[in-house]
Protein chains: 2
Amino acid sequence: MVTMRDVAQRAGVSIATVSFLLNDTKPVTAATRARIEQAMVELGYRRNMVARALASRRTHIIAMAYPALEHKFGMSTAEFFTSAAEAARKEDYHLVLWPVGNDGVELRELLGQGLVDGVVLMEVQLDDPRVDVLQQAGTPFALIGRTTELEGLSHVDIDFDTTVEDAVKHLYDHGHREMALISGDLDDPRFHDYGPWVRTEDAYRRVAASYGLPVVVLPCSDTTQAGKLAAERLLAEHPETTAMLVLNEYAALGVVSGLRRSGRDIPADMSVLSLLMVPETAAMTDPELTMMRTPGPELGQLGTEALIRELEGADPLPPQLVPAKLFPGATVTAPKAPQPKASAGRRAARKARS
Amino acid sequence: MVTMRDVAQRAGVSIATVSFLLNDTKPVTAATRARIEQAMVELGYRRNMVARALASRRTHIIAMAYPALEHKFGMSTAEFFTSAAEAARKEDYHLVLWPVGNDGVELRELLGQGLVDGVVLMEVQLDDPRVDVLQQAGTPFALIGRTTELEGLSHVDIDFDTTVEDAVKHLYDHGHREMALISGDLDDPRFHDYGPWVRTEDAYRRVAASYGLPVVVLPCSDTTQAGKLAAERLLAEHPETTAMLVLNEYAALGVVSGLRRSGRDIPADMSVLSLLMVPETAAMTDPELTMMRTPGPELGQLGTEALIRELEGADPLPPQLVPAKLFPGATVTAPKAPQPKASAGRRAARKARS
DNA sequence: TCCGTAGGTCACATCGCTGTCAAGAGTTCA
DNA sequence: TGAACTCTTGACAGCGATGTGACCTACGGA
């Protein structure tokens, strides 16, 4: 292995000078620089990150902590990851995906080992034990998502309020007055505290109310099967519904199947709008889903940048909320007929999860 | 930070003794062991991985090198990753997902830094520049997939021959005599050398011939859109076809849409069998796809174990080929009517990509 | 009684790099 | 000519572990 000592020797300088050049910590004359650089090329020198990490107490590794067991790693997550990795690389950091459990135990283990400078936390819960672990360990971190208690935490997140507002408006403008949200399944203990689900549902109730719409919300976990069942249940319990907003990516696919299996035409009989989705998934249905596109690339990048600023001791970036933007597909159109004042339907609607 | 020195001091031993205990490199009396362990608990000692790595020249980090830009990270890949990570953890290694380009440049960069002990290589091409990079660097590695030149390389892979054989047999046994393979798109320069595509196509040609079937193969990249088009093209060019085998996961979804859009009922008018897929994806269509289930969990684990054995200097595991197993869904049934001897169709079939 | 052997423990050199402190080389100004 | 600076460069002490070689008991056999 070629070490800094070898380079220094060949260039006729001390290893300190080589280090200064490499880290740009002290000025070096053009002539010396040239000699050193030549020596590095000739010897094929590559700086050893482990030694550097030990001496500088910075590994330049950022872990993206992902609860691989609790949350399936879908296309949306992949977007977060790749954009974050790219952002990190630009700043001379390695960003790697590190599978850790949601309870913080493995994360504590990891931090204790001093292998990572900072952590980007994914799939944040409103009250997330991993945040406590990170704070205790004193490891810098950024959240992609938000806890309830945000005091002084670097974070970026989806702007659920705006997203839901825009989504509802889109349907409202098409003439829909009987909508339903196929939400997350907050009864599942693994997710009762999962930010996106809680926030979307809250936002929807607020927005729907502000539009004077009946609030219909059905729980549904993020699987195609669950989506099918939810669609069937909705048709049975709220036949007046003309448009559905579906929170979960894979559930949305199931909703489409479920509606079709029940003989509904999309969008003629029912409009479907998917909240939080990536184009690849939207293209999986026929017709292609109208969706609010998850701002994964933006959030991955922003979150990583926020963390790196903290690591470098720069002024922290202000928290950012990015809305998902509407990508029209072909699953939303005007409802078939003007809504009758179906008071029975209304009552049933009010009952659901409200 | 609590160091080994602190622990040693408190326990009244030398740091060497602590190290011996920790690494189990030399025997330690029960009494000494107890004193040291108590000291560690009291001080909350956690061994610093960076220092350990520098001194021992082993970081205990395994990188799963994933070409994030070239290949989308889908559910199948996630399975590989999580099972590999688990296998690594059992052996006291960290396995992390490291995004690197397919050309080997970033990988070379990474290896030069001495941060990883070994590499699990995903999405292997038949002639993969990354393999050369790894060999040059002298870094141990295991392939999930196979290059053409396999001499002495640790690897595990899907048994494409058996998988295709079983798939064709399944269709044949249902009475199908006019099948088509919707393969990968080997004309795409990024994938012209992509192992699974090449091997599956080869295997199919062989197996189909051995069954005396006409060989119809259509290229198709791994997107839903491409799948739709491929389905339509097949209907136009080979109307005699009664069953389709689809290689790519997302293309399979598109095939189903495309067929349905063209007014075909599945499976009454056309049987569809997906090669290489995970249950979650199979559940996305209606009816649920019959598939050969990608042995992701097995391969992730086996590949990692093979690598670790190499790292530990144990006898290498023999290469393993694991077939995808049939998971019956509801998209395969007997063809509608016995096949007429449509000689025109036959001729057209022979022309396609042969 | 003496020696060989094995089990336990310790001191210390090392891993490759960082960063502090001090010193040498020019420059400028009085 | 020398004081006061500014630039560059070098020596060296860590960073927190590992692991080699030496040493120091015991114990058993001859």
Side-chain angles (χ1 to χ4, degrees), chain A residues 1-37 39-40 43-61 92 94 111-117 311-313, chain B residues 1-37 39-40 43-61 92 94 111-117 311-313:
Chain A
M1 161 176 271
V2 184
T3 73
M4 243 169 69
R5 164 176 268 96
D6 301 327
V7 174
Q9 225 153 42
R10 179 167 197 119
V13 298
S14 80
I15 62 168
T17 308
V18 179
S19 172
F20 296 150
L21 174 61
L22 244 32
N23 297 310
D24 201 27
T25 37
K26 295 225 177 156
V28 168
T29 353
T32 328
R33 146 174 274 120
R35 286 216 314 288
I36 296 177
E37 280 172 349
M40 294 202 298
L43 296 173
Y45 171 74
R46 336 226 84 233
R47 173 223 239 121
N48 182 316
M49 290 299 284
V50 177
R52 159 147 105 135
L54 179 59
S56 66
R57 257 137 301 176
R58 314 277 252 74
T59 61
H60 279 237
I61 297 179
D92 188 31
H94 288 297
L111 299 179
Q113 307 189 108
L115 266 177
V116 302
D117 286 349
L311 289 173
E312 307 271 324
Chain B
M1 162 177 269
V2 184
T3 73
M4 242 170 70
R5 164 176 268 93
D6 301 328
V7 173
Q9 224 153 42
R10 179 164 196 121
V13 297
S14 80
I15 60 168
T17 308
V18 179
S19 172
F20 295 149
L21 173 62
L22 243 32
N23 298 307
D24 200 26
T25 38
K26 294 220 179 161
V28 168
T29 352
T32 325
R33 144 173 277 118
R35 287 216 312 289
I36 296 177
E37 279 172 350
M40 294 202 297
L43 296 172
Y45 170 75
R46 337 225 83 232
R47 175 224 238 116
N48 182 317
M49 290 299 283
V50 178
R52 158 145 105 136
L54 180 60
S56 67
R57 257 139 300 178
R58 314 276 254 78
T59 61
H60 279 237
I61 297 179
D92 188 29
H94 288 298
L111 298 179
Q113 307 189 110
L115 266 177
V116 302
D117 285 350
L311 289 173
E312 308 271 323

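Here is the naming used below: chain letters follow the sequence lines, and residue numbers restart at 1 for every chain.
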Visitor: For B:Met4 and C:dA11, give me the distance from atom CE to atom P, rounded to whole Å.
Guide: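 Interatomic distance, CE of B:Met4 to P of C:dA11: 13 Å.
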
Visitor: Under 4.0 Å between a side-chain N or O of B:Ser19 and OP1 or OP2 of D:dA17?
Guide: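 Result: no.
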
Visitor: Under 4.0 angstrom, heavy atoms only, what part of the nucleic acid is B:Met49 near: base, sugar-phosphate, or nothing?
Guide: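 Counting heavy atoms under 4.0 Å across all strands, no contact is made by B:Met49.
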
Visitor: With respect to the side chain of B:Ile15, which nucleotide from C:dC12, C:dC15, C:dC17 is positioned closest?
Guide: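 That would be C:dC12.
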
Visitor: A:Leu21 CG to C:dC17 P: how many Å, rounded?
Guide: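 Answer to the nearest Å: 13 Å.
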
Visitor: Answer with base, sugar-phosphate or nothing: what part of the nucleic acid does B:Val18 contact at a heavy-atom distance below 4.0 Å?
Guide: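 Touches nothing.
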
Visitor: Within the side chain of A:Thr59, is there an N or O that forms a donor-acceptor pair under 3.5 Å with the backbone of A:Ala53?
Guide: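 It does not hold such a pair.
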
Visitor: Quick one: is C:dC10 close enough that its OP1 or OP2 comes under 4.0 Å of any side-chain N or O from B:Thr17?
Guide: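 Yes, because at least one side-chain N or O of B:Thr17 sits under 4.0 Å from OP1 or OP2 of C:dC10.
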
Visitor: Choose from D:dG10, C:dG16, D:dT9 the nucleotide whose nearest atom is closest to any side-chain atom of A:Leu54.
Guide: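 Given the options D:dG10, C:dG16, D:dT9, the side chain of A:Leu54 is closest to C:dG16.
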
Visitor: Does B:Arg52 come within less than 4.0 Å of B:Asp92, counting only side-chain N to carboxylate O?
Guide: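 Answer for the salt bridge query: yes.
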
Visitor: Any idea which of C:dC10, C:dC17, C:dG8 is nearest the B:Ala16 side chain?
Guide: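 Minimum distance to the B:Ala16 side chain belongs to C:dC10.
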
Visitor: Can you tell me how far C1' of D:dC15 sits from CZ of B:Arg46, to the nearest Å?
Guide: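 So the CZ-C1' distance, B:Arg46 to D:dC15, works out to 20 Å.
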
Visitor: Determine whether a donor-acceptor pair (N or O, by modelled atom type, separation under 3.5 Å) exists between the side chain of A:Arg58 and the backbone of A:Leu311.
Guide: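 A pair under 3.5 Å: yes.
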
Visitor: In terms of side-chain heavy atoms of B:Asn48, which of D:dA17, C:dG16, C:dT18 is nearest?
Guide: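 That would be D:dA17.
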
Visitor: From CZ of B:Arg58 over to C1' of D:dG19, roughly how many Å is that when rounded to an integer?
Guide: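 In whole Å, D:dG19 C1' and B:Arg58 CZ are 14 Å from each other.
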
Visitor: Quick check against the 3.5 Å criterion: does A:Thr3 have a side-chain atom that pairs as donor or acceptor with the backbone of A:Arg5?
Guide: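 Yes; judged by distance alone, with no hydrogens or angles, the pair exists.
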
Visitor: Between D:dT18 atom C1' and B:Arg47 atom CZ, what is the distance in whole Å?
Guide: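 Atom CZ in B:Arg47 sits about 10 Å away from atom C1' in D:dT18.
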
Visitor: Taking only N and O in the side chain of B:Ser14, is any of them less than 4.0 Å away from OP1 or OP2 of C:dC10?
Guide: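 B:Ser14 to C:dC10 OP1/OP2: side-chain N or O found under 4.0 Å.
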
Visitor: I want to confirm an ordering. Mapping B:Ala51 and B:Gly12 to their closest nucleotides on DNA chain C, which one lands closer to the 5' end?
Guide: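 Final value for this comparison: B:Gly12.
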
Visitor: With the side chain of B:Lys26 defined as its heavy atoms from C-beta on, choose the nearest nucleotide among D:dG21, C:dG19, D:dG14.
Guide: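 Within the option list, the nearest is D:dG21.
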
Visitor: Whole Å only: how far is the CZ atom of A:Arg33 from the C1' atom of D:dC7?
Guide: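 Atom-to-atom, A:Arg33 to D:dC7, this comes out as 15 Å.
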
Visitor: Would you say the side-chain atoms of A:Arg47 and A:Asn23 include a donor-acceptor pair closer than 3.5 Å?
Guide: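 The criterion, which ignores hydrogens and geometry beyond distance, is satisfied for A:Asn23 and A:Arg47.
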
Visitor: Measure the spacing between CG of A:Leu22 and CD1 of A:Ile15 and express it to the nearest 0.5 Å.
Guide: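 These two atoms lie 11.5 Å from each other.
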
Visitor: Would you mind telling me which of D:dC15, D:dT18, D:dT9 lies closest to the side-chain atoms of A:Thr32?
Guide: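 The nucleotide sitting nearest to the side chain is D:dT9.
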
Visitor: With a cut-off of less than 4.0 Å, is there a side-chain N or O of B:Thr29 near OP1 or OP2 of C:dT9?
Guide: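 Result: yes.
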
Visitor: Taking only the side-chain heavy atoms of A:Ala55 (C-beta and beyond), determine which of D:dT18, C:dC17, D:dG10 contains the nearest atom.
Guide: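 For the A:Ala55 side chain, the nearest candidate turns out to be C:dC17.
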
Visitor: Grab the CZ-P distance between A:Phe20 and C:dG16 for me, whole Å please.
Guide: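 Taking atom P of C:dG16 as the reference, CZ of A:Phe20 is at 20 Å.
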
Visitor: Taking CZ from A:Arg57 and P from C:dG16, how many angstroms apart are they, rounded to a whole number?
Guide: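 A:Arg57 atom CZ is separated from C:dG16 atom P by 19 Å.
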
